[in-house]
Amino acid sequence: MTTTPAGSPGSGAATGIRLHAPAPGWAIDSDVVVVGSGVAGLTVALRCAAAGAKVIVVTKAHLDDGSTRWAQGGIAAALGDGDTPAQHLEDTLVAGAGLCDEDAVRALVTEGPDAVRRLIATGAHFDTDAAGAILLTREGGHHRRRIAHAGGDATGAEVSRALIAAVVSAAPAHDDQGSAATDAREAAALPHPEGEGTIDFVENALALDLLTDAEGRTAGVTLHVMGAGARDGVGAVRARAVVLATGGMGQVFSATTNPGVSTGDGVALALRAGAEVSDLEFVQFHPTVLWLGPDAEGQQPLVSEAVRGEGAHLVDADGVRFMVGQHELAELAPRDIVAKGIMRRMQETGAAHMYLDARHFGARMWAERFPTILAACRAHGIDPVTEPIPVAPAAHYASGGVRTDLRGRTTVPGLYACGEVACTGVHGANRLASNSLLEGLVFAERIAADVTAGREPAPGEPVPPAPAGRPLLASEARYEVQRIMSAGAGVLRSAESLTTAAGALERLHTAAVEAYDRDGKTAEPCVETWEATNLGLVARVLVAAARRREETRGCHWREDRPDRDDHAWQRHLVVRLTPHGTLDVRTTEGPALPATRPQAPPYAVTAGAGIGDDGAVASRYSPAEPVAQRHTTP
């Protein structure tokens with residue numbers, strides 16, 4: 001079967017698939033709508049408003065309820081004496097296991113230091129020494145101390161605080177005691193001084209689907225505002241640009257470090273809009289998550305990599321440092337290697353977890369350097385000052401996501417993505433520790449520059465959404481998806497486990513479709529069923545990609561294919577959702593991702609092996625021009 005390659009006309013064509021939801025009952029207008037309020041989303045909003053744009057930030061809960069505030073370790077940048085962007089680039093490329101886009105990484109590491117300085121100028125306070133110099137620590141995969149941190153182990157919380165303070169100061173006054181808007185109807189009435197950029201907020205709102213005009217250009221987004229018990233808050237924000245900054249999809253697994261709002265909404269929205277996603281099989285499992293027992297589910301407390309950076313050791317129940325000899329950096333090897341080391345030792349010993357031993361830190365260092373982790377451990381009956389911490393890997397970060405170019409543009413005109421929801425090419429097969437906050441800063445600034453430059457044509461009137469969408473999964477399907485994914489697509493994967501997972505996910509999806517086709521019935525449209533449906537879709541994509549990648553690379557570990565295979569697999573998998581709801585899975589010809597925008601000459605595409613038993617189409621990109629020309633100019 002022949003498919004249209006990314007970057008060619010039609011590659012961002014709408015699927016016609018959307019969530020089953022009531023028609024929008026209200027609408028508000030803006031220049032830009034940003035979906036998400038983490039470091040990426042708020043940075044886009046600030047930079048766009050500074051350039052004179054009217055911005056609306058849509059966030060699923062409150063402004064500070066996303067993943068950013070949970071980041072403990074810090075933000076990586078070449079800020080220290082003797083460190084250089086070139087060294088940071090090299091460490092990032094090594095961690096990415098041959099699949100990083102070098103141009104994207106170079107943009108990250110060269111623009112990163114100044115982006116951090118602008119964050120400081122915005123009001124973020126990092127830990128400093130007596131002379132006022134920023135204190136730097138080391139984390140896995142880094143050969144130098146280049147991790148700036150705040151509050152010891154509360155960097156994300158400080159970054160979030162500073163950015164929220166900045167965007168709130170840029171927002172028009174509200175009549176609800178100065179807090180951010182929680183009602184879209186109220187936001188619609190806010191004044192916008194002529195010629196000045198502004199930022200408004202719509203909190204407690206789940207983004208549903210993209211609005212497009214008759215030509216397929218982005219024209220806004222539909223959303224549901226979660227009032228006090230209300231289920232009828234569906235409306236629309238009309239805008240010429242939509243920026244997805246929705247964070248991760250960690251809730252697709254039973255145990256994760258992600259907050260409960262991380263249900264893959266941005267990736268699912270983009271897929272339904274016809275956008276391409278890439279590298280979703282590369283889910284990073286953080287090696288050291290506080291082990292709370294075999295039945296623990298949901299968000300688990302993270303024990304930051306910075307604890308190992310300061311000298312903590314991984315040991316088994318007998319006190320043996322099992323990472324020594326497995327990698328030159330031992331406990332500070334890249335996360336995929338450490339996670340694999342822990343899982344192997346667990347298998348060898350039959351243990352449910354390993355231990356992180358930092359008793360030699362002493363009480364004062366624990367209290368001053370890692371107060372958040374100390375409090376979390378003690379809240380669960382563990383005192384790291386006097387005993388080792390039980391740890392095990394848990395889902396942490398999605399290295400892949402919605403495919404973008406160096407300006408953050410997706411394959412759908414007017415739709416941008418940044419932060420964890422995006423695949424910029426920076427992370428490759430495995431994110432280097434603490435590069436995520438930096439990526440959010442750097443690529444958010446690039447998106448704001450592109451949006452406010454007016455390069456994208458203005459959309460026409462939004463096409464009214466179809467009267468009915470695709471069927472929804474029942475709310476309880478969320479837990480079934482998590483169970484399936486944890487059992488079959490976790491740290492340890494194989495052809496057998498992935499086939500089992502694919503079959504179970506397909507049965508969930510097919511049952512909902514068949515019931516809808518048979519009698520027109522679907523689960524009640526509400527936040528819980530929309531989230532379950534989003535999780536089901538991203539789980540299907542992840543498993544389809546993991547089945548197709550028959551090797552071990554980065555944080556994708558196939559027990560039945562234990563070796564890295566550069567000849568066959570130093571390439572990306574790109575996935576689209578077809579109008580029929582099946583998955584179009586293709587491979588690139590090499591490690592470079594194709595451009596997200598049309599350019600001449602077009603890319604050819606050759607048919608692959610056909611349709612697999614997961615319903616995914618196999619085909620391969622064939623570039624018609626040199627790889628060096630395949631990225632748009634930043």
Enquirer: Test C418 against V44 for side-chain contact (heavy atoms from CB on, under 4.5 Å), laying out the working first.
Expert: CA-CA 9 Å; C418 63; V44 170; 3.9 Å; yes

Enquirer: Just wondering, do P85 and T110 contact through their side chains at under 4.5 Å, heavy atoms?
Expert: yes

Enquirer: Is any side-chain heavy atom of I17 less than 4.5 Å from a side-chain heavy atom of P579?
Expert: no

Enquirer: Say you draw a straight line from CG of L119 to CD of E445; how long is it, rounded to the nearest 0.5 Å?
Expert: 9.5 Å

Enquirer: Could you check whether any side-chain heavy atom of V33 comes within less than 4.5 Å of a side-chain heavy atom of V57, counting everything from C-beta outward?
Expert: no

Enquirer: Might you point out which heavy atoms bring V55 and A49 nearest each other, and give the distance in Å?
Expert: CG2-N, 4.0 Å

Enquirer: Is S434 reaching over with its side chain to a backbone N or O of G74, donor-acceptor style, under 3.5 angstrom?
Expert: yes

Enquirer: Checking side-chain polar atoms at under 3.5 Å, does H427 have a donor or acceptor matched by the opposite partner on Q284?
Expert: no

Enquirer: Let me see the working for V421 and V402 under side-chain contact (heavy atoms from CB on, under 4.5 Å), right down to the final yes or no.
Expert: CA-CA 6 Å; V421 72; V402 185; 4.2 Å; yes

Enquirer: Working to the nearest 0.5 angstrom, can you tell me the gap between E276 CD and T410 OG1?
Expert: 9.0 Å

Enquirer: Can you tell me if D405 uses its side chain to pair, donor with acceptor, with the backbone of G408 under 3.5 Å?
Expert: yes

Enquirer: Does T92 have any side-chain hydrogen bond (donor to acceptor under 3.5 Å, both in side chains) partners at least two apart in sequence or in another chain, and if so, which?
Expert: N435

Enquirer: Can you find a heavy atom in the side chain of L577 that is under 4.5 Å from one in the side chain of L537?
Expert: yes

Enquirer: Whether the side chain of S399 engages the backbone of A429 through a donor-acceptor N/O pair (distance < 3.5 Å, no angle test) should be reported.
Expert: no

Enquirer: So does R409 get a backbone contact from the side chain of T596, meaning a donor-acceptor N/O pair under 3.5 Å?
Expert: yes

Enquirer: Go through F443 and T43 one step at a time and tell me if the side-chain contact (heavy atoms from CB on, under 4.5 Å) criterion holds.
Expert: CA-CA 9 Å; F443 284 87; T43 300; over 6 Å; no

Enquirer: Checking T588 side chain against H572 main chain: does a donor-acceptor pair fall under 3.5 Å?
Expert: yes

Enquirer: What's the verdict on side-chain contact (heavy atoms from CB on, under 4.5 Å) for L415 and L210, showing C-alpha distance, side-chain angles and the deciding distance?
Expert: CA-CA 9 Å; L415 179 65; L210 196 70; 3.9 Å; yes

Enquirer: Should E158 and H125 count as side-chain neighbours, where that means a heavy-atom distance under 4.5 Å?
Expert: yes

Enquirer: For D209, is there an ion pair with R18 - N to carboxylate O distance below 4.0 angstrom?
Expert: no

Enquirer: Side chains of R272 and N534: do they bring a donor and an acceptor to under 3.5 Å?
Expert: yes

Enquirer: Is any side-chain heavy atom of R571 less than 4.5 Å from a side-chain heavy atom of P591?
Expert: no

Enquirer: Among L208, T522, T529, exactly one meets side-chain contact (heavy atoms from CB on, under 4.5 Å) together with H20. Which residue is that?
Expert: T522

Enquirer: Whether the K60 and T246 side chains hold a donor-acceptor pair (N or O, under 3.5 Å, no angle test) is what I'd like checked.
Expert: no

Enquirer: Which distance, rounded to the nearest 0.5 Å, do you find between the CG of L206 and the CD of E531?
Expert: 6.5 Å

Enquirer: Working to the nearest 0.5 Å, report the span between CZ of R576 and CG of L271.
Expert: 11.0 Å

Enquirer: Is it the case that the side chains of Q251 and N258 hold a donor-acceptor pair, with the cut-off being a distance below 3.5 Å and no angle test?
Expert: no

Enquirer: Write down the atom of T222, the atom of P24, and the distance for their closest heavy-atom approach.
Expert: CG2-CG, 3.9 Å

Enquirer: To the nearest 0.5 Å, what is the distance between CZ (R217) and CZ (R240)?
Expert: 10.0 Å

Enquirer: Give a yes or no answer on whether the side chain of T59 reaches the backbone of E203 with a donor-acceptor pair at less than 3.5 Å.
Expert: no

Enquirer: Can you tell me which residue among L108, D114, V39 is in a side-chain contact (heavy atoms from CB on, under 4.5 Å) with L441?
Expert: V39

Enquirer: Sequence neighbours left out, what passes side chain to side chain contact (heavy atoms under 4.5 Å, CB included) with S436? Give chain and number order.
Expert: Y397, R431

Enquirer: Any sub-3.5 Å donor-acceptor pair from T533's side-chain atoms to L473's backbone N or O?
Expert: yes

Enquirer: Hey, is the main chain of V426 close enough, under 3.5 Å, to the side chain of T424 for a donor-acceptor pair?
Expert: yes

Enquirer: Looking only at atom types and distance, does a side-chain atom of D213 sit under 3.5 Å from a main-chain N or O of G460, one as donor and one as acceptor?
Expert: yes

Enquirer: Is it true that a side-chain atom of R403 and a backbone atom of C423 form a donor plus acceptor pair closer than 3.5 Å?
Expert: no

Enquirer: So which heavy atom on T263 is nearest to which on L535, and how close?
Expert: O-CD2, 3.6 Å

Enquirer: Distance from L280 atom CG to L573 atom CG, nearest 0.5 Å?
Expert: 10.5 Å

